[in-house]
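Structure, as structure tokens:
Each residue takes its place number in the sequence, starting with 1.
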Amino acid sequence: MVHTFTALGQYLAADVNSGAVHVLDKLSFDLLSLIEGPMGERLPQKLAEQLDQYDPRELSEAWEELRGLQDQGLLFSDDEYIDPEAAMALPKSAVVKALCLHVSHDCNLRCKYCFASTGDFGTGHRMTMDFETAKRAIDWVVAKSGKRRNIEIDFFGGEPLMAMDTVKRTVEYARSLEKERNKVFRFTITTNGVLLNDETIEYINREMSNVVLSLDGRQPVNDRMRPTVNGKGSYEVIVPKFQKLVAGRGTKDYYVRGTFTRDNLDFSQDVLHMGDLGFRHVSVEPASGPLDDPFAIKEEDLEKVEAEYEKLAGQLMERPDINFFHFNVDLAQGPCVIKRLRGCGAGCEYVAITPDGDIYPCHQFVGKEEYRMGNVFDGSFDMDISGTFAQQNIYTRPACRECWARFYCSGGCSASNLLVNGDITKSNDVACQMERKRLECAIALNAIEAGMGSKRNTNCNNTDCIECSLGESK
């Protein structure tokens with residue numbers, strides 16, 4: 001499978017199975033766009049007739065060049081990852097290596113698009129996690145992680161700063177186990193910033209390997225979507241605090257993360273605004289929801305959204321100070337094979353734990369009782385549910401099998417599928433179309449920055465990768 005497309009004035013082709021990307025001239029692009037499968041020794045007469053505006057000699061030379069790429073395994077390559085018939089045999093009982101720890105089911109903002117029902121996840125019961133529950137969660141993941149050394153913990157909510165004492169005690173407890181249990185904990189916290197102060201900023205910058213800061217961009221956009229409990233805007237309260245936190249972050253990871261809705265389809269301006277505020281690492285996600293959600297991106301919005309992504313990509317060519325998360329694609333080193341096939345690992349390698357100790361496949365399934373997997377206090381863990389999620393991959397999801405972007409998006413989001421289609425196996429087509437456009441822009445940006453002709457995406461062998469450095473994944 002080869003995907004040909006244009007973006008940012010470039011003629012491009014992506015060979016799906018090898019991961020190779022090619023920057024083409026117009027003749028080669030037009031020729032390749034007409035080819036439906038592997039090329040033979042000669043240019044078929046019917047193709048020559050379709051491209052009769054070109055010089056026959058130049059056309060023949062382009063054919064030979066494309067055949068050369070095919071011979072190198074960089075065009076029309078076979079799928080070498082896995083026999084699709086064996087997709088159901090992927091490991092179903094993977095060890096758990098990451099927790100989304102819901103230390104708070106309460107929030108001091110009332111964001112209009114909030115998937116967590118402004119903090120209580122639809123339960124009608126606002127609460128924070130006590131240390132005993134957090135301690136049980138840490139003990140649970142240590143036991144479930146088996147021989148894996150690295151464990152990820154994301155402090156989440158609601159608003160996790162409302163449970164800062166639990167956060168601090170949990171970090172201290174986890175650190176106390178590292179040497180004895182041969183584990184290394186990596187902590188992340190996601191915050192709306194309202195409760196940040198000098199002490200908390202210093203603590204986060206010292207203890208958290210990553211921090212996600214929630215901001216929707218321009219002040220009118222942010223304050224319309226992210227008001228406080230009393231209905232006031234949050235922008236003026238949080239932006240100076242975020243700037244102070246980032247200024248003291250050094251080389252540690254962070255992202256300023258926003259959400260765009262149908263109300264601000266000109267979201268490129270929000271990305272640029274965040275850059276103007278001094279934030280280098282920026283992520284702006286589309287709102288997703290069922291058909292009756294007034295804020296979720298709909299089919300009729302896609303033309304504008306796709307044009308805005310390309311507009312943003314062009315703008316970022318002049319803004320090296322902004323690293324836009326969704327335009328990051330590594331054409332030289334891809335993620336580990338299993339991750340390319342199965343994605344985030346929700347429900348099998350990654351789970352969410354609520355303030356009362358209940359276990360769910362991820363934070364977006366919390367409150368959906370049919371997906372409750374167990375509880376850290378009784379040690380239960382529903383392997384049937386876990387196995388169902390483990391089986392979700394690019395071969396078992398029908399829409400993914402024929403999609404050129406499958407090895408980049410790894411099958412998409414089960415929670416988004418459920419939210420829109422009522423079925424974790426049925427892809428959210430609107431989300432898929434946006435993902436494909438983001439990838440086209442990302443590939444084009446990378447091609448321009450690298451000044452490349454062809455680039456092949458290889459299997460991961462990165463010594464900085466937590467998995468590969470330990471020989472724990474292939």
Side-chain angles (χ1 to χ4, degrees), residues 100-111 114 118-119 126-131 134-135 138 152-176 178 185-219 221-223 225-259 270 273-283 321-323 325 355:
C100 184
L101 203 60
H102 288 219
V103 292
S104 175
H105 272 191
D106 198 357
C107 190
N108 42 22
L109 292 186
R110 294 294 181 264
C111 302
C114 182
T118 69
R126 297 184 180 273
M127 62 186 298
T128 56
M129 180 181 286
D130 59 30
F131 172 64
K135 180 175 179 292
I138 296 298
E152 306 268 345
I153 306 292
D154 181 12
F155 293 107
F156 199 74
E159 173 47 48
L161 297 192
M162 298 178 76
M164 200 61 196
D165 180 64
T166 296
V167 170
K168 291 180 177 180
R169 294 183 68 185
T170 303
V171 170
E172 181 181 15
Y173 177 68
R175 296 284 188 224
S176 74
E178 289 182 317
F185 286 90
R186 182 180 185 272
F187 298 102
T188 297
I189 194 164
T190 300
T191 177
N192 63 34
V194 172
L195 294 178
L196 284 174
N197 55 36
D198 289 350
E199 179 183 350
T200 305
I201 288 172
E202 189 278 330
Y203 179 84
I204 288 173
N205 282 342
R206 184 178 72 247
E207 297 292 346
M208 301 293 155
S209 298
N210 191 16
V211 58
V212 180
L213 309 169
S214 298
L215 174 72
D216 280 355
R218 294 162 291 176
Q219 184 168 358
V221 171
N222 182 85
D223 287 352
M225 287 293 131
R226 301 181 63 81
T228 62
V229 174
N230 59 14
K232 294 182 178 180
S234 57
Y235 180 97
E236 291 186 350
V237 174
I238 63 175
V239 166
K241 296 178 179 182
F242 285 169
Q243 289 171 322
K244 187 168 188 176
L245 185 149
V246 168
R249 192 107 185 107
T251 60
K252 285 190 172 182
D253 292 338
Y254 76 89
Y255 264 97
V256 178
R257 185 210 183 277
T259 299
D270 295 298
H273 180 75
M274 292 181 188
D276 292 340
L277 291 173
F279 302 127
R280 170 167 173 73
H281 304 292
V282 176
S283 168
D321 58 312
I322 300 176
N323 170 35
F325 178 79

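- Between Lys168 and Tyr203 the shortest heavy-atom distance is CA-OH, 3.3 Å.
- Open room surrounds CZ on Phe325; 12 or fewer heavy atoms of other groups in view lie less than 6.0 Å from it.
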For the pair Met129 and Leu101, evaluate side chain to side chain contact (heavy atoms under 4.5 Å, CB included) and give the outcome as yes or no after the intermediate values. CA-CA 9 Å; Met129 180 181 286; Leu101 203 60; 4.0 Å; yes

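- Taking Asp130 as the reference, Glu132, Thr133 meet the side chain to side chain contact (heavy atoms under 4.5 Å, CB included) condition, with sequence neighbours excluded.
- Ser176 pairs by the side-chain hydrogen bond (donor to acceptor under 3.5 Å, both in side chains) definition with nothing, not counting sequence neighbours.
- Looking only at atom types and distance, the side chain of Asn323 has a donor-acceptor partner in the side chain of Tyr255 under 3.5 Å away.
- Between the CD atom of Glu178 and the CZ atom of Phe185 there is a distance of 6.5 Å, given to the nearest 0.5 Å.
- Under the salt bridge (charged side-chain N to carboxylate O under 4.0 Å, His left out) criterion, Asp270 pairs with Arg218, sequence neighbours left out.
- Listed by chain and number, the residues in a side-chain hydrogen bond (donor to acceptor under 3.5 Å, both in side chains) with Thr166 amount to none (sequence neighbours excluded).
- In this structure Phe155 satisfies the ring-ring contact (aromatic ring centres under 6.0 Å, His included) test together with Phe187, sequence neighbours excluded.
- By the side-chain hydrogen bond (donor to acceptor under 3.5 Å, both in side chains) test, Tyr173 is found to be paired with Asp139, residues two or more places apart in sequence or in another chain being considered.
- Side chains of Lys244 and Ile201 form a contact here, defined as non-hydrogen atoms less than 4.5 Å apart.
- Listed by chain and residue number, Thr190, Arg226 satisfy the side chain to side chain contact (heavy atoms under 4.5 Å, CB included) test with Ser214 (two or more places apart in sequence, or in another chain).
- In this structure, Lys232 has no salt bridge (charged side-chain N to carboxylate O under 4.0 Å, His left out) partners at least two apart in sequence or on a different chain.
- Qualifying side-chain hydrogen bond (donor to acceptor under 3.5 Å, both in side chains) partners for Asn108, counting only residues two or more places apart in sequence or in other chains: Asn192.
- Looking at Ser234 and Asn222, their side chains do bring a donor and an acceptor atom within 3.5 Å of each other.
- The shortest distance between side-chain heavy atoms of Leu161 and Leu196 falls below 4.5 Å.
- By the side chain to side chain contact (heavy atoms under 4.5 Å, CB included) test, Asp253 is found to be paired with Arg186, Asn210, residues two or more places apart in sequence or in another chain being considered.
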Checking Gln219 against Val239 for the side chain to side chain contact (heavy atoms under 4.5 Å, CB included) test, could you report, in this order, the C-alpha distance in whole Å, the side-chain angles of both residues, the deciding distance, and whether it holds? CA-CA 10 Å; Gln219 184 168 358; Val239 166; over 6 Å; no

Test side chain to side chain contact (heavy atoms under 4.5 Å, CB included) on Ile238 and Val194; report intermediate values, then the result. CA-CA 6 Å; Ile238 63 175; Val194 172; 4.0 Å; yes

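- Within the 4.5 Å cutoff, no side-chain heavy atoms of Phe242 are placed close to those of Leu277.
- Across all their heavy atoms, Pro160 and Gly157 have their closest contact at CD-N, 4.0 Å.
- Rounding to the nearest 0.5 Å places CE of Met225 at 9.5 Å from SG of Cys111.
- Across Arg126 and Cys107, no two heavy atoms sit closer than the pair NH1-N, 3.8 Å.
- For the pair Arg249 and Tyr254, the NZ or CZ position fails the cation-pi test of under 6.0 Å to the six-membered ring centre and within 45 degrees of the ring normal.
- Taking CE from Met208 and OG1 from Thr188, the interatomic distance works out to 8.0 Å, rounded to the nearest 0.5 Å.
- In this structure, Lys252 contributes its side chain and Arg206 its backbone to a donor-acceptor pair below 3.5 Å.
- Atoms CD and CG, on Glu159 and Leu109 in that order, are 7.5 Å from each other to the nearest 0.5 Å.
- Under the salt bridge (charged side-chain N to carboxylate O under 4.0 Å, His left out) criterion, Asp223 pairs with no residue, sequence neighbours left out.
- The structure places OG1 of Thr128 at 14.0 Å from NE2 of His102, a figure rounded to the nearest 0.5 Å.
- Atoms CE and CZ, on Met274 and Arg280 in that order, are 15.5 Å from each other to the nearest 0.5 Å.
- Here the side chains of Ile322 and Phe279 are not in contact, with every heavy-atom distance at 4.5 Å or above.
- Annotation for Glu236: atom CD does not count as buried by contact number, only 12 or fewer foreign heavy atoms lying within 6.0 Å.
- By the 4.5 Å heavy-atom criterion applied to side chains, Leu213 and Thr191 are counted as neighbours.
- Remark: Glu172 engages no residue in a side chain to side chain contact (heavy atoms under 4.5 Å, CB included) (not counting sequence neighbours).
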So Ile138 and Thr170, side chain to side chain contact (heavy atoms under 4.5 Å, CB included) or not? Walk me through it. CA-CA 8 Å; Ile138 296 298; Thr170 303; 3.8 Å; yes

